[in-house]
K.L.:
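Handing you this structure, nothing more for now.
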Amino acid sequence: MKKKALIALVGLAVVSALTACSSPGGSGGSTPAATDKPQSQADKPSNCDNKILYPSATRVSLWGWSPTLPVAVDAFDKAHKDVQICWTNAGAGSAEYQKFSTAIAAGKGAPDVIMLETDHLNSFLIKDALVNLSDYGADKWKSDFSAGTLKDISSNGGIYAIPDDGGPVALMYRKDIFDQYGLTVPKTWAEYAADADKLKSAGGPAIGDWPNDTPAFAQAMFAQAGADTFDYNINQKTSLGVDIDNAASRKVLDYWDGLVQKGEVVTTGQSSTDFVSELSSGKLATFIAASWEPGHLTGAGFTRGPGSPWRVAMLPQWNADSPVQVNWGGSTYAVTTQSKVPHAASEVAMELFGHENQQTLGAHFPQHVKVQKASWFVNAEDPFFGGQKANKEVWIPTADAYKGQSYSPFQDYYYQQVTAMLTKTTSGAESSKAGLSKLQSTIASYAKAQGFTVKTK
């Protein structure tokens with residue numbers, strides 16, 4: 001549930017990667033015992049944010065922040081008399097990750113199950129903090145996820161988390177503005193730029209935005225153009241491929257910098273109230289966003305139902321004949337190597353959001369293929385988009401076509417440096433060519449300082 005645009009989860013304090021690789025529980029691929037050891041009363045987590053229905057059951061502690069967790073936890077507990085969840089909201093994103101990092105360093109204090117965003121899995125996997133769920137039967141779930149989703153949660157053949165929701169990326173656009181200025185929905189980035197020119201010439205609003213405070217969005221755009229920024233495998237723990245200053249990323253930055261220089265897009269930070277105001281007041285004709293964004297905007301008071309001016313379409317492409325779809329965000333549930341009940345914890349991770357329905361799903365886009373194929377989900381009419389069948393027309397085909405991407409084992413630090421680069425390039429203080437070159441050098445140097453052997457192209 002990567003809610004980056006409006007709540008800014010990025011900006012964690014950087015914890016040295018390889019200097020903190022060891023923690024109790026081994027390499028994350030430990031051989032499981034036949035059963036969990038019986039819990040003493042002292043072992044059972046307390047101070048739950050939910051009511052325990054069966055107090056004598058094995059109790060699994062869970063850290064998470066999803067707004068649908070209360071419903072999902074209640075549904076799980078009612079269906080499992082032998083396993084009960086003790087859920088704690090440990091804070092969203094960075095707040096939780098700080099606490100988890102502290103527990104890893106101390107060798108105690110981590111929950112049995114933790115909610116992690118997809119792009120942060122490697123950052124904790126390298127610290128031996130996550131269990132290989134393949135040892136506990138997770139492979140049976142492979143058919144429930146797309147190839148791209150499996151790539152995001154796997155390393156060296158092991159599965160280290162079970163996905164909950166994802167963030168397929170698409171083009172949200174104002175139908176009223178498009179109608180007013182005679183625009184057609186762009187299928188390519190060339191057409192998008194042409195629409196930007198038309199709006200500028202007619203004195204209309206900006207076509208969209210290229211923010212400097214959402215590095216995960218920039219990373220998704222780099223990936224759509226063909227960039228493969230990182231190459232990391234837990235089996236080669238100290239080896240990292242880094243390819244930041246590449247032709248695909250340069251193409252993306254040059255394209256958006258061109259629109260910025262012509263005044264056809266804004267650079268307002270997406271985490272600011274000013275950006276929300278620009279969206280609501282019609283100062284932007286489009287918004288490139290993930291599937292979770294309408295839920296945020298609804299919370300910000302945007303119109304839903306027949307009066308909503310927003311519609312959604314597939315993301316414009318660099319080559320319409322070879323479309324590439326991307327994902328921006330998504331959350332998972334992983335079992336920590338500090339858990340004393342890994343079997344029960346794995347059961348929670350694998351089944352908590354394994355059978356979503358209208359109540360447990362909320363505004364999230366499910367990663368489970370079976371749910372994506374359910375008629376109630378496929379044919380749902382989205383009130384944010386004026387009743388458009390957004391799942392069927394856009395989000396599902398986008399998620400299905402997503403091929404996955406690789407993340408670094410120090411994603412927070414990388415995001416911080418991307419933000420610093422974008423701040424300079426969007427303001428004109430630095431060229432995109434110089435920015436990418438410096439970013440490549442900075443990340444490679446940082447990785448080497450952490451003990452990685454860096455492979456560059």
Side-chain angles (χ1 to χ4, degrees), residues 2 4-14 94 119 169 189 192-193 196 200 206-230 240 242-276 278-279 283-284 286-289 318 326 328-329 405 407-408 410-450 454 456-457:
K2 192 71 170 184
K4 310 171 194 63
L6 300 179
I7 61 176
L9 300 183
V10 183
L12 311 181
V14 177
S94 62
D119 54 1
V169 180
W189 290 116
Y192 185 87
K200 179 70 179 298
I207 186 68
D209 71 305
W210 180 245
N212 59 23
D213 67 343
T214 49
F217 166 56
Q219 182 65 25
M221 293 297 96
F222 294 155
Q224 195 212 17
D228 193 7
T229 306
F230 295 106
L240 179 66
V242 179
D243 184 25
I244 294 171
D245 187 11
N246 55 65
S249 296
R250 287 193 294 270
K251 177 171 67 174
V252 171
L253 283 187
D254 287 344
Y255 175 87
W256 286 100
D257 284 350
L259 295 178
V260 170
Q261 291 168 12
K262 290 192 290 185
E264 295 178 345
V265 297
V266 302
T267 58
T268 311
Q270 289 188 356
S271 60
S272 68
T273 55
D274 287 343
F275 180 74
V276 177
E278 288 175 345
L279 280 178
K283 293 183 178 179
L284 300 179
T286 73
F287 182 22
I288 299 165
W318 293 103
V326 290
W328 175 9
Q405 64 177 305
Y407 299 100
S408 83
F410 44 81
Q411 196 69 16
D412 305 318
Y413 180 78
Y414 170 68
Y415 279 159
Q416 290 168 10
Q417 300 309 310
V418 172
T419 298
M421 177 194 69
L422 291 174
T423 298
K424 292 181 179 180
T425 58
T426 56
S427 68
E430 187 172 74
S431 69
S432 57
K433 181 179 180 180
L436 280 174
S437 178
K438 289 181 181 179
L439 182 61
Q440 170 82 30
S441 177
T442 298
I443 296 301
S445 296
Y446 178 82
K448 291 176 182 177
Q450 302 307 308
V454 177
T456 57
K457 292 184 179 179

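Residue numbers run from 1 in the order of the sequence given.
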K.L.:
Contact between Tyr446 and Gln417 at the side-chain level, heavy atoms closer than 4.5 Å - yes or no?
P.N.:
no
K.L.:
Verify the distance criterion only: is there a donor paired with an acceptor across the side chains of Gln416 and Thr419 at less than 3.5 Å?
P.N.:
no
K.L.:
Report the distance from atom NZ of Lys438 to atom CD1 of Ile244, rounding to the nearest 0.5 Å.
P.N.:
14.5 Å
K.L.:
Looking only at heavy atoms, which two atoms of Thr426 and Val260 are closest? And how far apart?
P.N.:
O-CG1, 3.7 Å
K.L.:
Mind checking the OG1-CG spacing from Thr423 to Asn212? Nearest 0.5 Å is all I need.
P.N.:
4.0 Å
K.L.:
With a 4.5 Å cut-off on side-chain heavy atoms, are Trp210 and Val252 touching?
P.N.:
yes
K.L.:
In the structure I gave you, are the side-chain heavy atoms of Trp189 and Met221 within less than 4.5 Å of one another anywhere?
P.N.:
yes
K.L.:
Test side-chain contact (heavy atoms from CB on, under 4.5 Å) on Leu253 and Leu422 and set out the steps.
P.N.:
CA-CA 9 Å; Leu253 283 187; Leu422 291 174; 3.9 Å; yes
K.L.:
Check whether Ser249 reaches the backbone of Asp245 with its side chain - one donor and one acceptor, N or O, closer than 3.5 Å.
P.N.:
no
K.L.:
Could you check Gln440 against Ser437 for side chain to side chain donor-acceptor pair (under 3.5 Å), going step by step and ending with a plain yes or no?
P.N.:
CA-CA 5 Å; Gln440 170 82 30; Ser437 178; over 6 Å; no
K.L.:
So do Pro211 and Phe275 actually touch side chain to side chain, heavy atoms under 4.5 Å?
P.N.:
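Side chain of Phe275 against side chain of Pro211, heavy atoms only: no contact under 4.5 Å found.
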K.L.:
If we count only N and O atoms by modelled type, under 3.5 Å, do the side chains of Ser432 and Asp254 hold a donor and an acceptor together?
P.N.:
yes
K.L.:
Do you know the tightest heavy-atom contact between Ile207 and Ala196?
P.N.:
CG2-CB, 3.6 Å
K.L.:
Using atom types as modelled and distance alone, determine if a side-chain donor or acceptor of Asp412 lies under 3.5 Å from a backbone N or O of Phe410.
P.N.:
no
K.L.:
Could you report the tightest heavy-atom contact between Ala223 and Gln405, atom names first, then the distance?
P.N.:
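That would be CB-OE1, 4.0 Å.
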K.L.:
Answer yes or no: does atom NZ of Lys251 have more than 12 heavy-atom neighbours from other residues, nucleotides or ligands under 6.0 Å?
P.N.:
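Counting neighbours around NZ of Lys251, more than 12 heavy atoms of other residues, nucleotides or ligands fall under 6.0 Å, so yes.
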K.L.:
Which heavy atom in Lys262 sits nearest to a heavy atom in Lys200, and how many Å separate them?
P.N.:
O-NZ, 2.6 Å
K.L.:
Quick one about Ser271 and Asp213 (side-chain donor to acceptor, distance below 3.5 Å, no hydrogens or angles considered), yes or no?
P.N.:
yes
K.L.:
Thr268 versus Asp209: any side-chain heavy-atom pair under 4.5 Å?
P.N.:
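Result no, sub-4.5 Å side-chain heavy-atom pair not found.
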K.L.:
With side chains defined as the heavy atoms from C-beta onward, is the minimum distance between Thr425 and Trp256 less than 4.5 Å?
P.N.:
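Side chain of Thr425 against side chain of Trp256, heavy atoms only: no contact under 4.5 Å found.
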K.L.:
Give the C-alpha distance, both sets of side-chain angles, the deciding distance and a yes or no for side chain to side chain donor-acceptor pair (under 3.5 Å) between Gln219 and Tyr414.
P.N.:
CA-CA 10 Å; Gln219 182 65 25; Tyr414 170 68; 2.4 Å; yes
K.L.:
Is there a side-chain contact between Val169 and Ile288 in this structure, where contact means two heavy atoms from C-beta onward sitting under 4.5 Å apart?
P.N.:
yes
K.L.:
Looking at Ala193 and Tyr255, what are the two nearest heavy atoms and their distance?
P.N.:
N-OH, 3.4 Å
K.L.:
Tell me whether the count of non-hydrogen atoms from other residues, nucleotides or ligands lying under 6.0 Å of NZ in Lys433 goes above 12.
P.N.:
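Atom NZ in Lys433 is not packed in, count stays at 12 or less.
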K.L.:
Mind checking the OH-CG spacing from Tyr192 to Leu259? Nearest 0.5 Å is all I need.
P.N.:
7.0 Å
K.L.:
Sub-3.5 Å donor-acceptor pair from the side chain of Gln411 to the main-chain atoms of Ser408, do we have one?
P.N.:
yes
K.L.:
Do you know the tightest heavy-atom contact between Ala227 and Ala248?
P.N.:
N-CB, 3.5 Å
K.L.:
Apply side-chain contact (heavy atoms from CB on, under 4.5 Å) to the pair Val266 and Lys283, showing each step before the final yes or no.
P.N.:
CA-CA 9 Å; Val266 302; Lys283 293 183 178 179; over 6 Å; no
K.L.:
Find the distance between OG1 (Thr456) and CG (Asn246) and round it off to the nearest 0.5 Å.
P.N.:
12.0 Å
K.L.:
Ignoring hydrogens and geometry, is there a side-chain-to-backbone donor-acceptor pair from Thr214 to Ala216 under 3.5 Å?
P.N.:
no
K.L.:
For residues Phe287 and Gln270, determine if any side-chain heavy atom of one lies less than 4.5 Å from a side-chain heavy atom of the other.
P.N.:
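Yes, side chains in contact.
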